[in-house]
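Right, one structure below, let's go through it.
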Amino acid sequence: MSLTAWIAAVRGSFSLDVDLDVPTGTVLALLGPNGSGKSTVLGCLAGLITPASAEITVAGRALAGVPPHRRGIGLLSQDALLFPHLSAVDNVAFSPRSTGAGRRAARERAFLWLAEVDAVALADRRPGQLSGGQAQRVAIARALAAEPDLLLLDEPFAALDVDAAPAIRGLLRRVLKTGPTTVLVTHDPLDALALADHVAVLNEGRVVERGPTREVLSAPRTAFTARIAGLNLVAGTAVAEGLRTASGEVVSGIPAADVVPGEPAVAVFPPNAVAVYAREGEHRGSPRNTTDGVVAALEPHGPVIRLRAEGGGWAHGLTADLTPAAVAELALEPGSAVTLSVKAATVAIHPAAAS
Ligand SMILES: Nc1ncnc2c1ncn2[C@@H]1O[C@H](COP(=O)(O)OP(=O)(O)OP(=O)(O)O)[C@@H](O)[C@H]1O
């Protein structure tokens with residue numbers, strides 16, 4: 001049930017050219033910013049968008065010219081899109097019914113899938129009587145009850161509130177372990193980390209980086225992927241203790257096994273590993289990995305405030321996560337002079353992509 005696809009599509013002035021290879025039973029996350037072409041890829045796979053040219057094979061079957069309902073593809077989007085006039089169990093039973101199962105067998109199968117998503121208690125409710133998270137559970141059961149060869153997930157948590165999303169993410173994680181070959185579209189690297197074996201990063205209709213999820217997100221080889229992954233990335237030349245930036249500062253870290261001194265390298269660390277001090281304030285932490293900068297922006301980022309710095313050295317573009325209390329205590333605002341510090345133990349040094 002593997003997927004191999006090469007898709008070329010044009011939408012207005014936008015052009016897409018991607019190839020994907022998803023081994024049987026694995027999950028590929030398509031990660032990219034708004035407008036990078038993620039939905040276009042899904043639409044072409046599902047048969048809802050006609051590509052300019054494509055070769056798509058699922059489980060050895062070429063899908064060119066096959067109408068959407070004959071593709072053996074299940075689609076789960078942000079909104080559950082349940083039939084409003086049917087109960088939850090009838091919504092789920094609709095899938096086996098439409099592939100020829102009898103009424104009774106279809107209901108039995110529907111109950112099995114509702115049990116799988118912890119939603120048996122909701123069986124008799126209509127979609128209007130379900131919360132967003134409950135509706136999404138039923139929609140997952142409906143998508144899986146069709147026993148698709150390929151499952152497409154289009155930002156499945158985007159419409160859920162922050163309390164409901166983790167439970168649905170956990171549920172999908174569980175069912176996808178033994179589930180069908182899946183392509184997950186998301187702009188959130190956490191979704192990819194939680195669910196996907198592999199990730200392909202899309203930018204402007206092209207795959208700019210791909211590989212095993214953790215490898216790509218923890219060791220992004222391009223600044224673009226680092227930004228998508230929400231990680232800090234400082235480029236330089238590998239030295240024994242880390243790397244040396246173009247302006248001569250040394251960033252200490254833990255080098256990966258394949259780092260070669262003298263070769264291009266990147267230092268990667270998450271925003272929550274960066275400590276921020278008012279410039280004249282007292283320094284704590286490792287004195288080696290500190291750099292002076294200026295606050296460029298402070299933006300809410302979930303429960304924390306993400307600070308973006310600018311400056312001459314490697315402070316430029318760094319992000320740091322702070323609690324609102326810390327921002328208040330340090331009286332930070334755009335333009336504040338700060339010292340940023342990151343412990344060497346939290347900095348991973350990787351070879352840089354050849355470019
Ligand atoms: N019907 C259309 N006609 C013309 N251009 C379109 C059409 N639909 C999408 N596009 C363009 O195609 C490009 C890719 O869009 P697509 O929806 O695939 O991106 P995406 O990565 O899924 O974005 P998002 O994360 O915002 O959903 C965008 O530049 C968009 O403006």
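Computed from a predicted model, the values in this text were never measured in an experiment. Scope of the values below: all heavy atoms of this structure, side chains included, with no hydrogens, waters or symmetry mates. In listed order, ligands and their atoms are each counted from 1.
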Atom indices of ligand 1 within 4.0 angstrom of [X] heavy atoms, with elements:
| X | result |
| --- | --- |
| Thr40 | 14 (C), 15 (O), 16 (P), 18 (O) |
| Gly12 | 4 (C) |
| Ser39 | 17 (O), 18 (O), 20 (P), 22 (O), 27 (O) |
| Ser36 | 19 (O), 20 (P), 21 (O) |
| Pro33 | 21 (O) |

Protein contact of [atom] - nearest heavy atom, named by residue and atom, plus distance:
| atom | result |
| --- | --- |
| atom 25 (O) of ligand 1 | Lys38 NZ, 2.8 Å |
| atom 26 (O) of ligand 1 | Asn34 OD1, 3.2 Å |
| atom 23 (O) of ligand 1 | Gly35 N, 2.8 Å |

Electrostatic pair Asp292:Arg279 at N-O distance under 4.0 angstrom: yes
Arg210/Asp21 under salt bridge (charged side-chain N to carboxylate O under 4.0 Å, His left out): CA gap, chis, key distance, verdict: CA-CA 11 Å; Arg210 69 175 93 212; Asp21 191 351; over 6 Å; no
Heavy-atom closest pair, residues Leu20 and Ala200: CD2-CB, 4.5 Å
Minimum-distance pair of heavy atoms, taken over all atoms of Asn91 and Arg142: O-CD, 3.1 Å
Report, one line per pair, each donor and acceptor closer than 3.5 Å where one atom sits in a side chain of residues 47-67; sequence neighbours left out.
from, atom 1, to, atom 2, distance (Å)
Arg61, NH1, Arg70, O, 3.4
Arg61, NH2, Arg70, O, 3.0
Arg61, NH2, Arg71, O, 3.3

Short side-chain donor-acceptor distance under 3.5 Å, Arg11 and Thr40: yes
Nearest candidate to atom 4 (C) of ligand 1, where distance is taken over non-hydrogen atoms, out of Arg11, Glu204, Gln78: Arg11
Spatial distance of atom CG (Asn203) from atom CG (Leu31) [nearest 0.5 Å]: 11.0 Å
Under-4.0 Å heavy-atom contact between protein and atom 31 (O) of ligand 1: no
Proximity flag Gly37 to ligand 1, non-hydrogen atoms under 4.0 Å: yes
4.5 Å side-chain heavy-atom contact, Ile73 and Pro148: no
